[in-house]
Amino acid sequence: MHELGIVFHMIDTLEEVGRDNGLTSIAKVTLNLGEVSGVLPDYLLDCWRWAADRSDLLRGAELDIEKIDAVTVCNACGRTYATLAHGKTCPHCGSNDTVLLRGNEAEIDTIEGW
Amino acid sequence: MDRIKVIEVKEDVLANNDRAAQALRERLHDQGTLLVNLMSSPGSGKTTLLSATLDALRDELSIGVMEADVDSDVDAYTVQGHGAKAVQLHTGGMCHLDAAMTEQGLRELGTDELDLVFLENVGNLICPAEFDTGAAKKVMILSTPEGHDKPLKYPLMFEVSDLVIVSKMDVAPYFDFDLEQFEKNVRMRNPHATILPVSAKTGEGMDAWYEWLRESVASWKH
């Protein structure tokens, strides 16, 4: 359940951004969430609803999660593959010399408010 | 209603924790206190390892311990019995510690005179790996009964650790623990981690751990 901890940190950041931009209410927050970020969207949404409704700035705010597929590149053969299906080992050539290209993100993209 | 504004934030969800952790790390560096974040599953032998470490090093280093658990204070009592200044932190249901909770614990502990502080994180191989506490070094302990396949199942924990301690080596044969395979599994995730097999019970490998601590404390003070 690290989702609740993550939501608390998100809310701190959002309250700071809201203050800096003179917002009194935030209606929508868009989050880029990678497939292998270790954050579960369903849990995150549950925690978000509970915690956001306790903030004056964020009461009722919608959390829109944009999921990002995880892709790994192989340094040995140069090809890419779906991380979730094959993990650390390249399905094309069997090498373990591979690097995650994307899919690890957990980033607040934009907010909408007034 | 006012006009709706769209603001681009583009910030990691844990960015504010990362900033707080970095500030804490710099402050501890200035005062020469090495904070070590100890992470593992429940029952890996963290408290036993710590007790032996306090017995061995308390005459040469001034050591503090922060014990984090969801509840209870049994661990803080145990390590206090071994001569360390100790505080118990309760996470109130949370599965990990973050920089703010760590800072609060350090305030309670009082770190001015301390060379070394152990933060015994909540027993869990997932969440503690995600949150920077402000520690200078991350150490994870894997006990041999847990199996040599754990780096494959909990990759992030092994990726972020500076040192991997393999505890309970005295019972490794009973659990078919393959140290060579374990090292391969760790290396695949983290080529730079130091791996130390130890047994707090027989003393095997403990000198290497103490030496690692002495060197880490000395280099942190420069």
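Computed from a predicted structure; not experimentally measured. Just so it is clear: chains get the letters A, B, ... in the order the sequence lines come, proteins before strands, and each one is counted from 1.
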Looking at chain B, which one of A:Asn21, A:Val17, A:Val7 has the largest number of heavy-atom pairs inside 4.5 Å, strictly under? A:Asn21
So, the part of A:Ser37 with a heavy atom under 4.5 Å from chain B: the answer is backbone
Using non-hydrogen atoms and a 4.5 Å limit, figure out which bit of A:Leu14 sits close to chain B: side chain, backbone, both or neither. neither
So CD of A:Glu16 and CD of B:Glu11: to nearest 0.5 Å the spacing works out to 7.5 Å
Does atom CD of A:Glu62 have more than 12 heavy-atom neighbours, drawn from other residues, nucleotides or ligands, at distances under 6.0 Å? yes
A:Asp12 side, atom CG; B:Asn16 side, atom CG - distance, nearest 0.5 Å: 5.0 Å
Can you tell which part of B:Asp98 gets under 4.5 Å to a heavy atom of chain A, answering side chain, backbone, both or neither? side chain
List the residues meeting side chain to side chain donor-acceptor pair (under 3.5 Å) with B:Ser161, not counting sequence neighbours, and say none if there are none. none
Name the orientation class of the two ring planes belonging to B:Phe131 and A:His2 (parallel below 30°, tilted from 30 to 60°, perpendicular beyond 60°). perpendicular
Within this structure, what is the NE2-CZ distance for the pair A:His9 and B:Arg19, rounded to the nearest 0.5 Å? 11.5 Å
Can you find a pair of side-chain heavy atoms, one from B:Ile7 and one from A:Leu23, that are under 4.5 Å apart? yes
In Å and rounded to the nearest 0.5 Å, what is the NZ to OG1 distance from B:Lys5 to A:Thr110? 14.5 Å
Going from CG on A:Asp109 to NZ on B:Lys10, what distance comes out if it is rounded to the nearest 0.5 angstrom? 3.5 Å
Could you list the donor-acceptor pairs under 3.5 angstrom formed between side-chain atoms of residues 85-96 of chain A and any protein atom two or more places apart in sequence or on another chain?
{"residue": "A:Lys88", "atom": "NZ", "partner": "A:Thr98", "partner atom": "O", "Å": "2.9"}
{"residue": "A:Thr89", "atom": "OG1", "partner": "A:Asn96", "partner atom": "OD1", "Å": "2.8"}
{"residue": "A:His92", "atom": "NE2", "partner": "A:Thr80", "partner atom": "O", "Å": "3.1"}
{"residue": "A:Ser95", "atom": "OG", "partner": "A:Asp97", "partner atom": "N", "Å": "2.9"}

Interatomic distance, A:Glu107 atom CD to B:Leu14 atom CG [nearest 0.5 angstrom]: 12.0 Å
For B:Glu130, which atoms come within 4.5 Å of any heavy atom of chain A: side chain, backbone, both, or neither? side chain
